Enquirer: 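This is the structure I want to talk about, given as structure tokens.
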Amino acid sequence: MADGPSAERAHPFDQLIFGNKIPETNESLIENLQQKAVSGLDEIDVDELFGHLDSLVETFAYFKPLIKKIGPYLESFIQQDDK
């Protein structure tokens with residue numbers, strides 16, 4: 001076979017599904033992902049994030065007594081299902 005452009009040509013089905021993209025090298029792919037990660041971190045509002053985490057912890061603390069009360073019932077139900 002000839003070592004020309006036809007040697008690197010993809011199957012027509014592959015071109016239809018995946019397009020005619022030239023695969024990136026690992027270094028450029030890693031660099032691209034790092035840039036996206038850094039730009040994504042810049043958009044995070046830390047105060048809002050901690051506010052949501054605080055409300056989540058408060059919600060778990062609110063439901064903790066309920067979970068302790070129904071825990072034995074759930075365990076007995078699971079044990080009955082295993083038999």
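Fair warning: this is a prediction, and the values are worked out from it, not measured in the lab.
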Enquirer: Can you tell me how far the CD atom of Q35 sits from the CD1 atom of I30, to the nearest 0.5 Å?
Expert: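 Between atom CD of Q35 and atom CD1 of I30 there are 12.5 Å.
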
Enquirer: Would you say I67 ends up clustered with F60 if hydrophobic residues are merged whenever their side chains have heavy atoms under 4.5 Å apart, either directly or through other cluster members?
Expert: no

Enquirer: Mind checking the NE2-CG spacing from H52 to D45? Nearest 0.5 Å is all I need.
Expert: 8.5 Å

Enquirer: Distance from I17 atom CD1 to F13 atom CZ, nearest 0.5 Å?
Expert: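 Spacing of CD1 (I17) from CZ (F13) equals 4.0 Å.
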
Enquirer: Treat each ILVMFWY residue as a node, draw an edge where side-chain heavy atoms are under 4.5 Å apart, and state whether L74 and F63 are in one component.
Expert: yes

